[in-house]
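Before any comments, here is the structure.
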Amino acid sequence: MDMLLAAIPQILQPHMLITIFAGVAAGLLIGSLPGLTATMALAVLLPFTFGMDALQGLAALGAIYMGTIYGGAFTAILINTPGTPSSIATTFDGYPMAKQGRALEAISAATIASVIGGIIGVTALLVLAPPLARLAVAFGPAEMFWVAVLGLTLIASLSSDSLLKGALGGCIGLILGTIGVSPVGGETRFTFGIPAMQGGVSLIVALIGLFVIPEILSMAARGRAALSAPSDMSLERFNFLPVLRKVISKPVNIIRSCVIGQVVAIIPGAGGNITSLIAYNESRRASKEPESYGKGNVDGLVASESSNNVMVAGSMIPLLTLGIPGAPPDAVILGVLMLHGLRPGIELFTESGVLTNGFILSMGLAALMMLPVGLLGGRLVYRSILKTPHYFLIPTILIVTILGTYALRNNVTDVLIMLGMGVAGYFLRIIGIYAAPIVLGLILGTIAEQGYTQTILGGMADAVPQLRLLDNVLSQILFALVLLALLSALLPRLLSRKQGITGSGPTPPGNE
Amino acid sequence: MIQRINSDLAAGALGLVVFAVFWFNRGTLSPLSGMFPDAVLMVMLAVSGALLVKGVLRADIRPAFPDGNAGRVALMIAGLGLWWLGIRYVGFLVTSTTLFFAIALSLSRTVETLSTRRALVCAAAAVIVVGGFYLVFTQILYIRPFRTPLP
Amino acid sequence: MTRSTSRLAAAFAAGAAATALSVGAAAADFPERPIDYVIPFDPGGESDVTARMQEPHLEEMLGVSVNVSHQPGGGGAVAWSEFQNNAEPDGHEIIGINIPHIVGQPIQRDDAGYATDGFEIVTWFHFTPNTLIVPADSPYETVDDLVAFAQENPQALTIGGSGTFSGNHLEVLRMEEVADIDVTYIPFTGTGPLPAAILGGHVGALMTNSMLGVQMEDEIRTLAVASEERVPALPDVPTFKELGYDIVGGTYRGIAVPEGTPQERIDTLREAFSEVNEIIGEDQVPLGFIMTDYGGDEAWEIVDQVYNNYSAFLEDADD
């Protein structure tokens, strides 16, 4: 507590405030460019922190991290492109809202949700770090396998259009995920003899391809931009307060999403990529009007954005206490700790407690700064997208996308994969196979495979190694959750079929 | 031109194609590396089969081009293909600027008639946007430029 | 700025003294533009952290900026194959290389896309020996305890490490051979998940690099380290050799340039890196690194040594 108090004046100094502000702004800018992820933002901006002392450097990086994750929401809302994987679910309702002329409302709601999520995450990090860290190490290979399977059951609820097509999309994602070096066994698979394919299909590459390219192709086909100016509400008269009231009038939704975000964030390896999808799905399941999700329901947007911003501070828990990066960007932060000669562990909270608390508090400050930066920046981005004629917007998005994809791993083959998947994705969308299940398969395939094979390996000396999958209480609980999730996704479908209802069913999220 | 499409048959057929591409390029893999892809491929085969059956029994027929002008989509895709070939021979900057210019000019025809002035505006935008982002990426973000013969 | 110029002058002077003729002239026009330093792994790993430590000092010594970029994929193979095919041999493009990766991958894969001897090695700048780690509450107090258990219970002992046919894995294979035991090696993706694996009790032991032993000192016990001499940061941990097991190995990290790069430029680079080593060693040695400076023929001797020790395992894997 003393250290917490000692840290406060340190981070309130003017140069710290400016650093954090600049970090949030820079992160926001980078996060809103498709292809530039939080990991990349941290890596490219890292050299700028070399001249700073440890606290200022860490604060800058924490702010960049926060800003990037939040910046991903902008493109998700305005051009249906998750700037970072953690904002996939933001597109489901954000983009329909924008198309209805409610872009500013969506941006404001996303901002509020992000700020709340960020602050809740920082609070959890301050208060609950040691006990939650213990939970993090409880997830071994078997548990990770079930977490991945649990995530895959989301396909069932994300594809209410046609379960079979959703399953096919999931399989395509899973098989694309096996390209490259196998996680256990170390062999190269499905490289088709091309050395560059050893790197596999990167999630971000697929994400950009499957979301951006179909969108610009269909914009080109329609011959106009997807967004039109709001008819009932002019830009100048847009009012922030009603949105705020709307968002905080559903506290349960926010709290549920934040708890989900926190729990998923500390499971090492699952990362923030699926938090928003899970939170979105739970929000829809709990809602009284699930059919409005995917058509511009602000609650879905809030669920997604609050959960993924909890993740930023949330994933620092295993990182700071145990040195386990919960999400890929955390690996960079771990590197920075090492650069400054800091060892993750309890000492970080005792001996260098002032520094650590200062770092955590600075993330809270960064979360607060997202409010002004985001609201102003959001308006600016929105206006420029609205004012740019579609025939300039389309090629601009294309060029940024190509550069972003390339920048990801400095790999030209990635650009080809991105464009190829994008064109394929356009036609897949026409026949009812959407991007979300494919991406989900790609995210979770490796985790599932690794968890399964590692578990089997661990049981090599047993008669039946597969029994290790249900060896302990945590994996049994997760298995039960998998069954529950499957039942709750499939039962309504079967029931409605029995009753002979042949309606088209709820619109799947993320579709046109 | 095809107006409507049996989306179940199309999805099933696509599933079979993907299955075949991966199945016949599997090569030799040890059990540890092969187990998972094999399982996925089998599920994929089953799902594709089920989709084909459904396509025959209770097909889901949809419009083949819900978005409007299919010709413009074909042009865009052709443009991307040419871009990919082009960066090898004349480099990223030239190819991308040309692609930007071509897309902008051809799409602007939906709202305005072609004119020299229009072409000049498109060319200027192409140079500014491509050049601008290229500079931001290489100079500020320190991304190494494309490794092609020319920048 | 004055400090950096004097450093620069010092570097040139040292370079000239060390490599005799014409170096002065060559050094004067090299480097003439920023150096591209490619890391073939994700940001945040040991290679990245080291490159970040080197970056500012290299810039001072070489007088140009040094741009670190990442090209991860395929355990480094994507970057290495791209580098061998496309990089300009003028000394301005340098890439991080690792042993045993660059030895193992071309043997084990048909499509690695590069050859071990397709590089010019500038220097191996540091070494992290493999260490055998068990949880602090583990029943194994010594390597002998662990070997005794493994001998009685084939395959029952699980040892985690980073990657398949990586340095960690090869060391476990070597240990199985030397101690005549049969254990189960469980690969993880990188070093990141290993602390959770050992603390959560998901594996019985870890074969990992020496840094983890230092980083997790309080929660784990390091049974032995696979270096010729004890690691400065772990003075109480015996080497395998002291305990009677002929196991020496780990990860060397270094720098390579494309084949055909002029020798004097390689020398300039090596000079810079060995000076940088002096400076960053102060930070790296306490973390568990062993600083090295093996260039030229010495560098290839290390490659050959690794090849001789492990190629049998790797060729088995290729079948």
Side-chain angles (χ1 to χ4, degrees), chain A residues 39-40 42-44 46-47 50 136-142 180-188 191 193-200 202 268-269 318 322-325 328-336 338-339 341 343-346 409-413 446 450 454 457-458 460-462, chain C residues 38 42-45 48-49 52-53 55-56 68-75 77-79 81-82 85 108-114 153-156 158 163-166 169 184-190 192-193 195-197 199-203 211-212 214-216 218-219 283 286-287 317:
Chain A
T39 315
M40 228 196 97
L42 290 174
V44 297
L46 183 59
F50 283 161
V137 301
F139 284 83
V181 181
S182 71
V184 178
E187 289 157 282
T188 49
T191 56
I194 305 165
M197 292 292 277
Q198 289 173 92
S202 147
L322 303 164
I324 304 166
D330 297 336
V332 182
I333 306 264
L334 177 61
V336 176
M338 284 169 67
L339 275 178
R343 250 178 47 185
I346 295 305
R409 302 198 290 186
N410 290 298
N411 190 338
V412 189
T413 314
T446 322
Q450 195 173 4
Q454 283 177 340
L457 272 177
M460 282 294 267
D462 302 359
Chain C
V38 181
D42 278 312
D48 178 47
V49 171
R52 298 303 194 178
M53 286 179 167
E55 186 181 337
V68 175
S69 64
H70 305 88
Q71 196 175 12
V78 172
S81 98
E82 210 257 359
N85 288 321
Q108 190 218 342
R109 300 178 188 170
D110 301 328
D111 50 4
Y114 71 95
N153 305 280
Q155 296 194 323
T158 53
T164 306
F165 295 111
S166 57
H169 186 191
T184 301
Y185 174 77
I186 301 190
F188 289 81
T189 36
L199 295 178
H202 308 302
V203 291
M211 279 101 68
L212 209 59
V214 179
Q215 184 195 319
M216 299 177 62
D218 313 326
E219 294 117 339
D283 292 324
L287 291 173

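In this text, all values refer to a predicted model and were calculated from it rather than measured experimentally. Naming convention: chains lettered A, B, ... in sequence-line order (proteins, then strands); numbering from 1 in each chain.
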Using a cut-off of under 4.5 Å for heavy-atom pairs, which of A/Gly140, A/Gly335, A/Ala138, A/Gly458 has the most such pairs with chain C? A/Gly140
If only atom types and distance count, is the side chain of A/Gln198 paired as donor or acceptor with the main-chain N or O of C/Gly73 below 3.5 Å? no
C/Pro187 side chain near A/Leu457 side chain, heavy-atom distance below 4.5 Å: yes
For A/Met460, which of C/Thr158, C/Ile186, C/Thr184 qualifies under side chain to side chain contact (heavy atoms under 4.5 Å, CB included)? C/Thr184
Please report the shortest heavy-atom distance between A/Ala331 and C/Pro43, naming the atom on each side. CB-O, 3.9 Å
Which bit of A/Leu46 is near chain C, if near means a heavy-atom gap under 4.5 Å: side chain, backbone, both or neither? side chain
Measure distances from A/Val137 to the heavy atoms of chain C and classify the residue's part below 4.5 Å as side chain, backbone, both or neither. both
Within this structure, what is the OG1-CG distance for the pair A/Thr39 and C/Asp42, rounded to the nearest 0.5 Å? 7.5 Å
Taking C/Asn153, C/Val203, C/Val214 one by one, which has the highest count of heavy-atom pairs under 4.5 Å against chain A? C/Val214
Can you tell which part of C/Pro286 gets under 4.5 Å to a heavy atom of chain A, answering side chain, backbone, both or neither? neither
Side chain, backbone, both or neither of C/Gln215 within contact of chain A (heavy atoms, under 4.5 Å): both
Hey, is the main chain of C/Arg109 close enough, under 3.5 Å, to the side chain of A/Glu187 for a donor-acceptor pair? no
Contact origin within C/Ala156 toward chain A - heavy atom pairs under 4.5 Å: both
Which atoms of A/Leu334 approach chain C - backbone, side chain, both or neither, heavy atom under 4.5 Å: neither
Between A/Ala43 and chain C, which part of the residue has a heavy atom less than 4.5 Å away: side chain, backbone, both or neither? both
Please report the closest heavy-atom contact between C/Gly74 and A/Val181, naming both atoms and the distance. CA-CG2, 3.6 Å
Who wins among A/Ala142, A/Ser182, A/Gly185 for the most heavy-atom pairs under 4.5 Å with chain C? A/Gly185
Donor-acceptor check, side chain of C/His70 to backbone of A/Met40, threshold 3.5 angstrom: yes or no? no
Between C/Asp111 and A/Thr188, is any side-chain donor less than 3.5 angstrom from a side-chain acceptor? yes
Quick one, A/Asn411 and C/Glu82 - any side-chain contact, counting heavy atoms below 4.5 Å? no
Interatomic distance, CD@C/Glu219 vs CG@A/Leu322, rounded to 0.5 Å, equals 6.5 Å
Measuring only between side-chain heavy atoms, which start at C-beta, is C/Phe188 closer than 4.5 Å to A/Gln454? yes
Selection from C/Asn85, C/Val78, C/Asp283 maximising heavy-atom pairs under 4.5 Å formed with chain A: C/Val78
